[in-house]
2 protein chains.
Amino acid sequence: MKQIVASVDEVATVLKLLGDKTRLTMMALLDHHDCCVCELVEIFQMSQPAISQHLRKLKDAGLVKETRKAKWIFYSMNKEHELYSLIKNILAHIPDQQEKLKELKERTKISCE
Amino acid sequence: MKQIVASVDEVATVLKLLGDKTRLTMMALLDHHDCCVCELVEIFQMSQPAISQHLRKLKDAGLVKETRKAKWIFYSMNKEHELYSLIKNILAHIPDQQEKLKELKERTKISCE
DNA sequence: TCATCATATAACAATATAATTATATAAGCA
DNA sequence: TGCTTATATAATTATATTGTTATATGATGA
């Protein structure tokens, strides 16, 4: 893993974005699987606009990408981001979040699949 | 370097603290040298209370320690913090900040030494 | 003990953030 | 085309953050 050196501003911006529990968890999820907005709404038990707004911040910073598939929009980690190595380092320090997605699929039929 | 896994809350708290340009730079400085409040005031060209308040947040989270030496209070990195390895990873992604201290010592006589 | 220096804390103002509700947009389908 | 579903955006509100000025505290030294 290359150790990219970026400006203090760039790093601080990424840290501020990840310094929110919801967004940090989202990034951990997206690092393993693309997620549809509707899945994230269910996982975080939060209003759809709240989820969209978090996603927009991540997208505006270039941390995630979006792809439309029919009615749904899937978000994915932008692994080409200059600071992706930093993000991986950070995510290595939190517990795996994939059970959240697994648990969701067990308890609810989600529309996007 | 051990890869400690902490809770999402704990990691998000640290990231939020480091997600501020001033505090991120402070941490980079403190990782190499203990700093007196008066030095930080000069380096950041910010009011003394503003500096004290940033330091307090870092101290409250256990990221830095303080030591009084005569009239001065020196702050230092708490290398025993559970998430110090994460902090080191983060700091490895920003440019070295030590010139700021060097430059300060060249331009001004600071009282603490 | 009193004055001074270094720092912390309190009070406040300006701004940023994050959530909600209401509404707009865009795709898919009868 | 018009209805439904999925998502985005706007408007608003509540709260958090960051900085400033004013003041308190605590150590030093005459």
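Every chain is numbered from 1 and lettered A, B, ... according to where its sequence line falls, protein lines coming before strand lines. What you see is a predicted model; the values in this text were computed from it and never measured.
- Heavy-atom contacts of chain B under 4.0 Å fall on DNA chain D between two terminal nucleotides, which in 5' to 3' order are D/dT17 to D/dT28.
- In the region residues 8-25 of chain B, proximity to DNA chain C at under 4.0 angstrom, judged on heavy atoms, holds for none of the residues.
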Checklist outcome for this item: The contact string for nucleotides 6-12 of chain C, one letter per nucleotide 5' to 3', using protein heavy atoms under 4.0 Å with B, S and - for base, sugar-phosphate only and none, comes out as SBBBB--
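- Residue B/Phe74 shares its hydrophobic cluster (ILVMFWY side chains chained together at separations under 4.5 Å) with B/Trp72.
- Hydrophobic side-chain contacts under 4.5 Å tie B/Val5 to no other Ile, Leu, Val, Met, Phe, Trp or Tyr residue.
- Legend: residues meeting side chain to side chain contact (heavy atoms under 4.5 Å, CB included) with A/Ala12, ordered by chain and number and at least two apart, are B/Leu24.
- In summary, the side chains of B/Glu10 and B/Ser7 do present a donor paired with an acceptor at a separation below 3.5 Å, with no hydrogens or angles considered.
- Contacts of B/Lys16 classified as side chain to side chain contact (heavy atoms under 4.5 Å, CB included), with partners at least two apart in sequence or in another chain: none.
- Judged as a side chain to side chain donor-acceptor pair (under 3.5 Å), and not counting sequence neighbours, the contacts of A/Lys100 are A/Gln97.
- Legend: side chain to side chain donor-acceptor pair (under 3.5 Å) pairs involving residues 38-49 of chain A, not counting sequence neighbours, sorted by first then second residue: A/Gln48-A/Ser52.
- By the side chain to side chain donor-acceptor pair (under 3.5 Å) test, A/Asp31 is found to be paired with A/Tyr84, A/Lys88, residues two or more places apart in sequence or in another chain being considered.
- Evaluation of the side chain to side chain donor-acceptor pair (under 3.5 Å) rule for A/Glu103 yields A/Arg107 as partners, not counting sequence neighbours.
- Base engagement by A/Ala50 is indicated by at least one non-hydrogen atom pair under 4.0 Å involving a base atom.
- Judged as a side chain to side chain donor-acceptor pair (under 3.5 Å), and not counting sequence neighbours, A/Lys71 has no contacts.
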